[in-house]
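First the proteins, then the strands, lettered A, B, ... as listed; each starts at 1. We use all heavy atoms of the structure for the numbers below, so side chains are in, but hydrogens, waters and symmetry mates are not.
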There are 2 protein chains.
Amino acid sequence: MNAGPNVPEREAPMAGWEQNHETAGMPQTSIEDLLKAVYGLEAAKKRPSTKAVADVLGVQMASVTGMVKNLAAEGLLEHVPYHGFELTAKGRELALRMLRRHRLIELFLIQTLGLGWDEVHADAEVMEHAVSDQLVERIYAYLGKPEFDPHGSPIPDSDGAVAARSGVPIAHLAAGDEGIVSEVEDEDPEFLRYLSSLGIKIGSSLRVMAKDPYGGLVRLRMGRRRISMGTEAAERVRVARSHV
Amino acid sequence: MNAGPNVPEREAPMAGWEQNHETAGMPQTSIEDLLKAVYGLEAAKKRPSTKAVADVLGVQMASVTGMVKNLAAEGLLEHVPYHGFELTAKGRELALRMLRRHRLIELFLIQTLGLGWDEVHADAEVMEHAVSDQLVERIYAYLGKPEFDPHGSPIPDSDGAVAARSGVPIAHLAAGDEGIVSEVEDEDPEFLRYLSSLGIKIGSSLRVMAKDPYGGLVRLRMGRRRISMGTEAAERVRVARSHV
DNA sequence: TTCTAAAATTAGGATTGTTGAATTTTATTG
DNA sequence: CAATAAAATTCAACAATCCTAATTTTAGAA
Ligand SMILES: [Mn+2]
Ligand SMILES: [Mn+2]
Ligand SMILES: [Mn+2]
Ligand SMILES: [Mn+2]
């Protein structure tokens, strides 16, 4: 065993520099991010392969294999070597707990500080590992028990229940379809600014005018504005169909 | 070398679970806390000995010796084995940067969420390592460029300049002295609740009625309330003398 | 000055998260 | 069915924190 709590006697030093974090048996950042990555791949109906997870995390496959061994030992996921892995109920719970934190933090920063939807992801990505459950619940209450984050993603509740992903990617619509923007990919600030420049936000109502068969361009109308979007972007914006 | 940035190609996954933190060359939590501990001891005019730092951080002396070697190699402090260490300008800068973060976060949580002064230290202690400089400055602006944190400690400015510690401990006052509470020790929630139960807050005006020479009890008057306080507590509350 | 207790360092381990290189397994293609 | 490329694992190393148990150094007391 290693790194016991080892509570030191307090020494009555003056305000502002004392330590003694209660970070004892807390799950590590990397663990939590790996679980989130697996969850995200599962949710996106992609197989959470070693390679896919490594790509999401930005580490080598060997690192994932190594970490997965620890995670499996802790009962957070199951691993059949060479045949992928899968979250256990416990692992999914932890992943959803992180997603809840991430999304509440994003919304909190936007609501309090007036940041833009393109300015909060990176900070939330780090802060999600740093806040206490107590603080998260205070934020939740302060925000009025919100159900969606600033990018339209559902906020898991404190029991780990989460609404199904809403809508379908714009790219999956056909000419003539109409819908309301329900969720956008949130991790790339540039992309979010691009959407803003097109006037797209959560709740925007749009209609597919045409789809170019080869280049993969989608022509849309939003109110009286006409915009076009490449397939790549059209895959990253989901709309709830309002008309088939 | 280890853990290169290793930027992965983006894969256009859907909102809410992508990673790729920009945590590349960032200083670690332990490093930052050690520097803060040394700074705090220096500020309190205690020698930042291996033992003192170990006690503050809640680790063994051997761990401090080891970490100090790294810190010295990075030019954050100077170490003369067996004769203590001292922050370099760079080390002090980093320590003050952390203190700024810590104090702004505490104030931010209190102002936005309405938390009590006893509920913010532990979260700030962890969050201080997690927020971006950009976010810190947004918080600073949002709070109206505050000069003091909720416990009366001065907030270092973004250049690392910090006001001198204000006041003296109540324990240092003599009978008849009057003063205004200017700063209280912040890391022990119990202690802060104890102060609250006595009605003491930053700005409270009080007068020393008597000091018991042996037991070390200080008898105070605050408005028309009379309170007594043991030496230990009286060492942890500072007042700005208003009358000698 | 000599002794001794406290403080500090060194030595030797453990654990975690990494990497790159070598190897093994799987799946696909011919 | 064999060849082969991609995916996955294993292995050896390394860095950073931590620990416990020696050992060394310092400083204060006798
Ligand atoms: Mn996000
Ligand atoms: Mn994260
Ligand atoms: Mn504090
Ligand atoms: Mn800290």
Practice problem: Write down the distance between CE (B:M61) and C1' (C:dA7), rounded to a whole number of angstrom. | Solution: 6 Å

Quiz item: To the nearest Å, how far apart are A:Q60 CD and D:dA7 P?
Solution: 14 Å

Exercise. With sequence neighbours excluded, tell me which residues meet ring pair (Phe, Tyr, Trp, His ring centres under 6.0 Å) with B:F108.
Key: A:F108, B:Y142

Quiz item: Starting at CD of B:E32 and ending at C1' of D:dT17, how long is that distance when rounded to a whole Å?
Solution: 15 Å

Practice problem: Salt-bridge test for B:E32 and B:K36: reply yes if a basic N is under 4.0 Å from a carboxylate O, no otherwise. | Solution: no

Quiz prompt | Counterpart residues, side-chain hydrogen bond (donor to acceptor under 3.5 Å, both in side chains), relative to B:T231 (two or more places apart) | solution = none

Quiz item: What's the verdict on side-chain hydrogen bond (donor to acceptor under 3.5 Å, both in side chains) for A:D149 and A:H102, showing C-alpha distance, side-chain angles and the deciding distance?
Solution: CA-CA 9 Å; A:D149 86 357; A:H102 183 101; 5.9 Å; no

Quiz item: Does the side chain of A:S30 get closer than 4.0 angstrom to OP1 or OP2 of C:dT18 through an N or O atom?
Solution: yes

Practice problem: For D:dC19, take OP1 and OP2 only and decide whether either is under 4.0 Å from a side-chain N or O of B:S63. | Solution: yes

Quiz item: Is the phosphate of D:dT10, meaning OP1 or OP2, less than 4.0 Å from a side-chain N or O of A:K69?
Solution: yes

Self-check item: Residues which pass side-chain hydrogen bond (donor to acceptor under 3.5 Å, both in side chains) with B:S166, listed by chain and number, not counting sequence neighbours
Solution: B:S182

Quiz item: Whole Å only: how far is the NZ atom of A:K51 from the C1' atom of C:dA27?
Solution: 16 Å

Quiz item: Around B:E137, counting heavy atoms of other residues, nucleotides and ligands shown, do more than 12 lie under 6.0 Å from its CD?
Solution: yes

Quiz item: Roughly how many Å is it from CG in B:L57 to P in D:dC18, rounded to a whole number?
Solution: 8 Å

Quiz item: Closer to the 5' end of DNA chain D via nearest nucleotide, is it B:L71 or B:A62?
Solution: B:L71

Practice problem: Under 4.0 Å between any heavy atoms, over every strand shown, what does B:T65 touch: base, sugar-phosphate, or nothing? Just pick one. | Solution: base

Quiz prompt | 5′-ward residue of the pair B:F85/A:H83 relative to DNA chain C | solution = B:F85

Self-check item: Nucleic acid contacts - residues 72-81 of chain A versus DNA chain C, non-hydrogen atoms under 4.0 Å
Solution: none

Quiz prompt | Side chain of A:V59 - closest among C:dT18, D:dA8, D:dT17 | solution = C:dT18

Exercise. For B:D118, check salt bridge (Lys or Arg N to Asp or Glu O under 4.0 Å) against everything at least two apart and list the hits.
Key: B:R193

Exercise. Please list, chain by chain and in numerical order, all residues satisfying salt bridge (Lys or Arg N to Asp or Glu O under 4.0 Å) with A:E42, sequence neighbours excluded.
Key: A:R92

Quiz item: Does a side-chain N or O from A:N70 land closer than 4.0 Å to OP1 or OP2 of C:dG17, or not?
Solution: yes

Quiz item: Quick one: is A:R47 getting a side-chain N or O under 4.0 Å of the D:dA8 phosphate, OP1 or OP2?
Solution: yes

Quiz item: With sugar-phosphate meaning primed atoms plus P, OP1 and OP2, does A:M67 contact a base, only sugar-phosphate, or nothing at under 4.0 Å between heavy atoms?
Solution: sugar-phosphate

Quiz item: Separation of A:Q28 atom CD from C:dT18 atom P, in whole Å?
Solution: 11 Å

Quiz item: What is the distance, rounded to the nearest whole Å, between atom CG of B:D55 and atom P of C:dA6?
Solution: 14 Å

Practice problem: Starting from C1' on C:dT28, measure out to OH on A:Y82 and report it in whole angstrom. | Solution: 18 Å

